[in-house]
Structure formats: C-alpha cells, structure tokens
Amino acid sequence: MRQKVAIIGAGNVGATCAQRILERGLADVALVDVVEGLAQGKALDLAEAAPLEGHDGFISGSTTYEGIQGAAVVVVTAGLARKPGMSRSDLLEANAKILQSIIPNVVRHAPEAILLVVTNPLDPMTYLAWRLSGFPTERVLGMAGVLDSARLRAFAAQKLRLSVKDIQALVLGGHGDSMVPLKRFTTVSGVPIAELLSASDLEALIQRTREGGAEVVKLLKTGSAFYAPASSVADMVQSILRDEKRVLPASVCLKGEYGLRDVFCGVPVRLGARGVEQILEIPLDPNEKAALAASAKGVRQDMDVVDAFLKGADPVKKGG
Ligand code: A3D
C-alpha cells in the first residue's frame, strides 16, 4: 500500500517538501494550510507536474485535516519565517500559537504518526509539539542538524573544490547561533578535514555554517531558506518510510544522554520506521561537551517560555 506524508503549512518549505517527497517517489502527500486555496492550488500545480516528472504520487490540498488520515509522518512547517534582523526566539510566541491550533488536529486525525517539526524556533517548537501531542518521545523530532550539516558540507566542498558527496559533517546542539559543528567529525572520504584546511579556513567555514540561515535571509529580504531545508526533511522522511536506519542529527528529547536531561537538542539518532530508534552517544571532548551543554542551556530557557505559554501566561514577558 502507498504510504502518506502530511505536510502542515503549504508555504515555501512545505510546498518544496511536498515536491521533493513526490518526485523522490517516497509517498502520497496531503498538504494543509490555513489560507483558503493555497494548499489546494499548490497541490493542483504539483499534480499537473507529475506526468512530466514521471511519478504517480497522489497529492491533496485542503484547509481541513480529514485528508491527513493514515499519514505515517506529519511534517509541521506552518508558521512565520524569520525576517531580517529577527532572531529565532522572536518567533516563539507567534509560532507557539500556530502550533496550538494545529497539533490537536494532527492527534485527532493521525494519532499514530511520527511528528517532524520544522517551524522555528526549532527546538522549543519540537518540545511544544511533544507536549501538545502527548506522543511518545520516539515519535516527535525536529529537523535542523541535517540542514546545518549540509550547509557545512556545501561550504567545505566549495572551499576544497571537491565533491559534496565525499564530505561528511555533523552539527549538534540547538538550531541557532549556539549550534555545535564538530570539526573532528567533519571528514573528506574519511580524512579529518583539519588535515586538508588551515585552522583559520576551517573556522571561517564553521562561522559561515553558524550564520547559514541568516545569510540566506539577508539576500532574500523576504522569507528564509527553503530548498535545502526541504531536502533535509526529505532525507529524514525517507529514512523513516524506508526504514533506512540512517544516522542523522535531529532535535530529540534527551533523557540523560550527553549529561543532558529533559531538553530537546540536536544529537545523532538512528532514524527508522519507529521514529527515533536510538540516540547515539558519541564521545565528545571537554570543549565539545561544554559547547553542547551551553547550547542546550539556551534551548532550556526557550522551553521555559513554552512552559509559561502553556500555562496561559504571557510567554514573552514571563520568559524575559
Ligand atoms: P512561509 O512560506 O511563510 O510558509 C508558512 C505557511 O504556514 C504559510 O503558507 C501560512 O499560511 C501557513 N500557516 C500559518 N498558520 C497556519 C496554521 N495555523 N495552519 C496551517 N498553516 C498555517 O514560511 P516558510 O515555509 O519559509 O517557513 C516555515 C517555517 O519553517 C518558519 O517558522 C521557518 O522559520 C521554519 N524554517 C525552519 C528551518 C529549520 O532549519 C529549522 C528552515 C527553514 C524554515
């Protein structure tokens, strides 16, 4: 039987995710957006591209949730995108309200689904989705590390004039300025990248990765990145639907791993049909461990704002 992926939010990221998923032949897609006609229009356009792209995927578009029934994965991309000068945390309150209107509908119509959150600020929104859904932690995760790692791989390939295919990278931590790109685990066909680049060149790549999202926002002026984010989602969805058990970084609930507890943070996980099947605890050196702890501390503060929001308080004033 064909599998189904629901995508909530038919904006730049959501519609491009739909396109990637259909054109990779991964699943049928149900697109939902609050704006009348938007999901329907994009679904129609994508369906009309199917004969040319050579896939038989079915795509629906709606403002309501009935069509998501039976979805194996629900990707949440609904929400405001960052505007120039706006931090991810500025988005928190507005997008928390949006998730509050979405997640109960997802639970009602796709109670067995794996929830993949893309809406920013990523780690606190993944936590909020977990709280609102009541799903087990194995079925709630956020996309960020795959994108951040892809950016580092792309920049490294450009710098070294080598194929992106041969470059591996691992970026952990919260999705934000405190993300933790791991130099030791960035390799070119198994060779540590530090053997091939000077320390200053490597540092410049890491810094560019940290600011990767902002660099695109600054150029686009309206809206934020969506091609690479959608490809990142497609890789994660593929690993789940095809039970590939790939090791990919994702924002998940830590329960003591890396010395962190009850915080959603980016770490490498084994991603398969059951969702987050294992959290891989790789040995970090003291500097890397400290950077991950600092990043998680920032996420924890945003999670406190989410907690205040859930209590019905004014999250921004209470959270600072
Ligand atoms: P955009 O193109 O504005 O699309 C967002 C869509 O969400 C719009 O079509 C809205 O109509 C829709 N929407 C708003 N409220 C609701 C609702 N209640 N129910 C259903 N749909 C709704 O933005 P985008 O696609 O560029 O970005 C979407 C989100 O993803 C933003 O929060 C971005 O910051 C985030 N994002 C995260 C990453 C990460 O790496 C984590 C990367 C790129 C974008």
Side-chain angles (χ1 to χ4, degrees), residues 6-20 30-43 61-65 67-68 74-84 86-106 109 115-129 132 141-152 171 173-177 179 209-217 220-236 248-252 264-266 299 302:
I7 300 173
I8 317 303
N12 280 337
V13 177
T16 313
C17 283
Q19 181 186 4
R20 299 262 195 264
L31 259 183
V32 177
D33 199 285
V34 74
V35 174
E36 187 61 56
L38 186 70
Q40 293 93 321
K42 291 196 179 176
S62 182
T63 52
T64 62
Y65 284 78
I68 77 166
V74 176
V75 183
V76 181
T77 73
L80 306 181
R82 257 191 314 164
K83 300 197 174 69
M86 197 180 185
S87 81
R88 287 188 180 89
S89 293
D90 291 338
L91 287 177
L92 197 149
E93 188 184 9
N95 285 349
K97 284 184 184 148
I98 289 175
L99 255 64
Q100 212 175 20
S101 73
I102 290 170
I103 303 298
N105 287 306
V106 171
H109 294 282
L115 261 178
L116 177 54
V117 178
V118 183
T119 305
N120 271 319
L122 192 272
D123 306 278
M125 287 302 114
T126 308
Y127 166 62
L128 177 62
L132 292 169
L141 70 163
M143 182 290 290
V146 174
L147 172 63
D148 296 329
S149 304
R151 284 180 171 147
L152 180 51
V171 178
H175 183 54
D177 304 335
M179 70 176 75
T209 301
R210 255 185 234 295
E211 294 164 3
E215 187 179 352
V216 175
V217 169
L220 292 180
K221 294 180 188 66
T222 54
S224 59
F226 55 97
Y227 293 116
S231 297
S232 307
V233 167
D235 265 18
M236 296 176 82
L248 297 172
S251 181
V252 296
F264 274 76
C265 203
V299 175
D302 281 345

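Atoms within a ligand are numbered from 1 in the order they appear, just like the ligands themselves.
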Numbering the atoms of ligand 1 from 1, which are under 4.0 Å from a heavy atom of [X]?
X	value
Leu147	40 (O)
Leu122	41 (C)
Leu38	9 (O)
Asn95	32 (O)
Pro229	42 (C), 43 (C)
Val35	11 (O)
Ala78	7 (O), 13 (N), 16 (C), 20 (C), 21 (N), 22 (C)

Using atom types as modelled and distance alone, determine if a side-chain donor or acceptor of [X] lies under 3.5 Å from a backbone N or O of [Y].
X	Y	value
Asp33	Ala39	no
Arg20	Asp235	no
Thr209	Arg151	no

Taking distance alone, with no angle check, do [X] and ligand 1 share an N/O pair under 3.5 Å?
X	answer
Asn120	yes
Leu80	yes
Val13	yes
Thr119	no

Could you report the tightest heavy-atom contact between Ala230 and Cys17, atom names first, then the distance?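 Taking Ala230 first and Cys17 second, the nearest heavy atoms are CB-N, 3.6 Å.
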Could you tell me which non-hydrogen atom of Leu122 sits nearest to which non-hydrogen atom of Ala144, and how far apart they are?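 Residues Leu122 and Ala144, closest heavy atoms: CD1-CB, 3.8 Å.
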Tell me which one of Val117, Val233, Ile8 satisfies side-chain contact (heavy atoms from CB on, under 4.5 Å) with Val75.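 Going through Val117, Val233, Ile8 one by one, the side-chain contact (heavy atoms from CB on, under 4.5 Å) with Val75 is satisfied by Val233 alone.
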Separation of [Y] [atom2] from [X] [atom1] (nearest 0.5 Å):
X	Y	atom1	atom2	value
Thr126	His175	OG1	NE2	10.0 Å
Thr119	Ile102	OG1	CD1	6.5 Å
Cys265	Met179	SG	CE	11.5 Å
Gln100	Asn95	CD	CG	12.5 Å
Asn120	Leu80	CG	CG	10.5 Å

Residue part near ligand 1, for [X], under 4.0 Å between non-hydrogen atoms:
X	value
Ser101	side chain
His175	side chain
Ala225	backbone
Thr77	backbone

Given [options], which has its nearest heavy atom closest to [atom]?
atom	options	answer
atom 21 (N) of ligand 1	Val34, Asn12, Leu91	Val34
atom 8 (C) of ligand 1	Thr16, Asp33, Ile98	Asp33
atom 41 (C) of ligand 1	Arg151, Met125, Met143	Met143
atom 7 (O) of ligand 1	Gly145, Gly79, Ser224	Gly79

Parallel, tilted or perpendicular: which fits the ring planes of Phe264 and Tyr127, with parallel below 30° and perpendicular above 60°?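 Aromatic pair Phe264/Tyr127 classed tilted.
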